Amino acid sequence: MSFVDLNLHELADLEGPPRSFLTFYFTGESGARELKNRAAKARGLIEHDEPDRLADFDAALERLEALMEGETFEEGAGYCLMACPELRVERGFKLTVPAETAFRAARGPNLRPLAEMQDEYEPFLLVAANNDGARILQIAGAVADAEEDVKGGVKNRVKKGGWSQQRYARRRKGQLHRYAAEVAERLAELTKEHGPERIVLLGSQETRQQIEEELPDRLKERVIAEEGFDLDAAEEALVEEGLRLFQKEERREEQALWKRIQNETLSGGLGAIGPEDVLTALQTGRVDELAVDHDVAIEGSRCDACTTAFVKVHDRCPLCDSPDVAPIPLVEELVRLAEQTDADVEFTQGVKGLVQNGGVAALLRW
């Protein structure tokens, strides 16, 4: 299963005993060595500070090592493995983009990297078209997942003169219309129900314009970029250009989201800015869209007794006074809560206002 199709809402609901759920991200053949080194370090810490958690950790590590056993890990750009015997979880996912190596022992899975990949590499349709024909590539997880071709065969403009010129122009216009209508029909079919939300058009200006004219209104709104491009280029080059345009639009939308949050907050409306306000809103299910800076790291804590998270690191729980409070990467907790409550998560890059205000913000439902 591609990481694009993963149900993070389902994964966010998984929660076992402390240190019983292991998540491991890695790239390439170094995975087995990295797992051994990082697991040994984690085991030493647990054995010293939380010896009663060691049995759960060891059981999960055994299952994680079993997932690694016999695999070469040469095909994928990266991998994510999860194991928790207590919850009967034992899963491995091949990634189509490189993964930064990370190992975590907690109550539940580390979802932040997967959520960020799903946000940055959403599926979209790439249409590369000229008068000869169109290639429709379905891009998922930064790679071409499928391709459809539509034959064009529209003749180039020529000078004939008089009535011949007019007849030729009419025939040519009709050919272009029928060809563009067929491309539009294919796009409508591919985007119905749960299809890709965005379309990138590459190729000759005349063909692009005609295709867009033939699109129904609901699809015209999904066209995010139109540019000329060498359609004889290799598929890899087409995908790379499509991704560049797609991510350019991503950056624009991230800035727009921050502006909406900023305006809502300043007007006393449905905006929350900063870790404290965002965490409170997530814990009450009020967040509709969560904005997280790509580089932000916030240290918080979570009570194992009442499962409440806090922005600050505490020795005892401020709510139930339990001593079973552990430090956590707070952004991972924010992402987990967002997925549990069906909030959209947008990871941003270069949004200065967001960075200057704690790196997290949200649009609220109420």
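Note that the structure is predicted; figures quoted are calculated from it, not measured.
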**Study point:** Val313: hydrophobic cluster co-members (side-chain, 4.5 Å)
**Key:** none

Review point. Salt-bridged, Glu120 to Arg251, with N to O below 4.0 Å?
Key: yes

Exercise for review: Would you mind checking if Glu15 and Arg302 are paired as a salt bridge, meaning a charged N to carboxylate O distance below 4.0 Å?
Suggested key: yes

Practice item. Say whether, by atom type as modelled, one donor and one acceptor occur between the side chain of Thr27 and the main chain of Ala99 under 3.5 angstrom. Key: yes

Check your understanding: By the rule that ILVMFWY residues connect when side-chain heavy atoms come within less than 4.5 angstrom, directly or transitively, which residues belong alongside Leu319?
Key -> Phe310

Point to revise | Considering all heavy atoms, the nearest Ala115-Glu339 contact | key: CB-OE2, 4.2 Å

Practice item. Not counting sequence neighbours, which residues clear side-chain contact (heavy atoms from CB on, under 4.5 Å) with Gln340? List them please. Key: Ala12, Asp13, Arg336, Leu337

**Study point:** salt_bridge(Asp132, Lys151) N-O dist < 4.0 Å
**Key:** no

Exercise for review: Could you pull out the closest heavy-atom pair between Thr207 and Ala129, with the gap in Å?
Suggested key: CG2-CB, 3.9 Å

**Study point:** Residues forming a side-chain contact (heavy atoms from CB on, under 4.5 Å) with Arg286, sequence neighbours excluded
**Key:** Ala281, Thr284, Leu364, Trp366

Point to revise | SB check Glu253 Arg198 (cutoff 4.0 Å) | key: yes

Practice item. Examine Leu334 and Val355 and state if one hydrophobic cluster contains both, with Ile, Leu, Val, Met, Phe, Trp and Tyr joined whenever side-chain heavy atoms are less than 4.5 Å apart. Key: no

Point to revise | Partners passing side-chain contact (heavy atoms from CB on, under 4.5 Å) against Gln209 (at least two apart in sequence or in another chain) | key: Gln205

Practice item. For residues Cys80 and Leu114, report the shortest heavy-atom separation together with the two atoms involved. Key: SG-CD1, 4.3 Å

Point to revise | Listed partners of Ala188 passing side-chain contact (heavy atoms from CB on, under 4.5 Å), at least two apart | key: Arg218, Leu219

Review point. Does anything in residues 228-242 pair up under side chain to side chain donor-acceptor pair (under 3.5 Å), and if so which pairs, sequence neighbours excluded?
Key: Glu241-Arg244

Point to revise | Sidechain N-carboxylate O distance under 4.0 Å for Glu212, Lys220 | key: no

Practice item. Can you run down the ring pair (Phe, Tyr, Trp, His ring centres under 6.0 Å) pairs that involve residues 94-146, sequence neighbours left out, and say none if there aren't any? Key: Phe124-Phe246

Review point. Does the side chain of Leu202 reach to within under 4.5 Å of the side chain of Val127, using non-hydrogen atoms?
Key: no

Review point. Hydrophobic clusters join Ile, Leu, Val, Met, Phe, Trp and Tyr when side-chain heavy atoms are under 4.5 Å apart, directly or via other members; which others share one with Ile273?
Key: Leu257, Trp258, Ile261, Val351, Leu354, Leu363

Practice item. Ignoring hydrogens and angles, tell me if any N or O in the side chain of Ser301 forms a donor-acceptor pair with the backbone of Lys312 under 3.5 Å. Key: yes

Check your understanding: With sequence neighbours left out, what residues match Glu189 under salt bridge (Lys or Arg N to Asp or Glu O under 4.0 Å)?
Key -> Lys192

**Study point:** side chain to side chain donor-acceptor pair (under 3.5 Å) pairs, two or more places apart, involving residues 38-59
**Key:** Arg19-Glu50, Glu34-Arg38, Arg43-Asp58

Practice item. Could you list the residues that satisfy salt bridge (Lys or Arg N to Asp or Glu O under 4.0 Å) with Glu182, not counting sequence neighbours? Key: Arg186

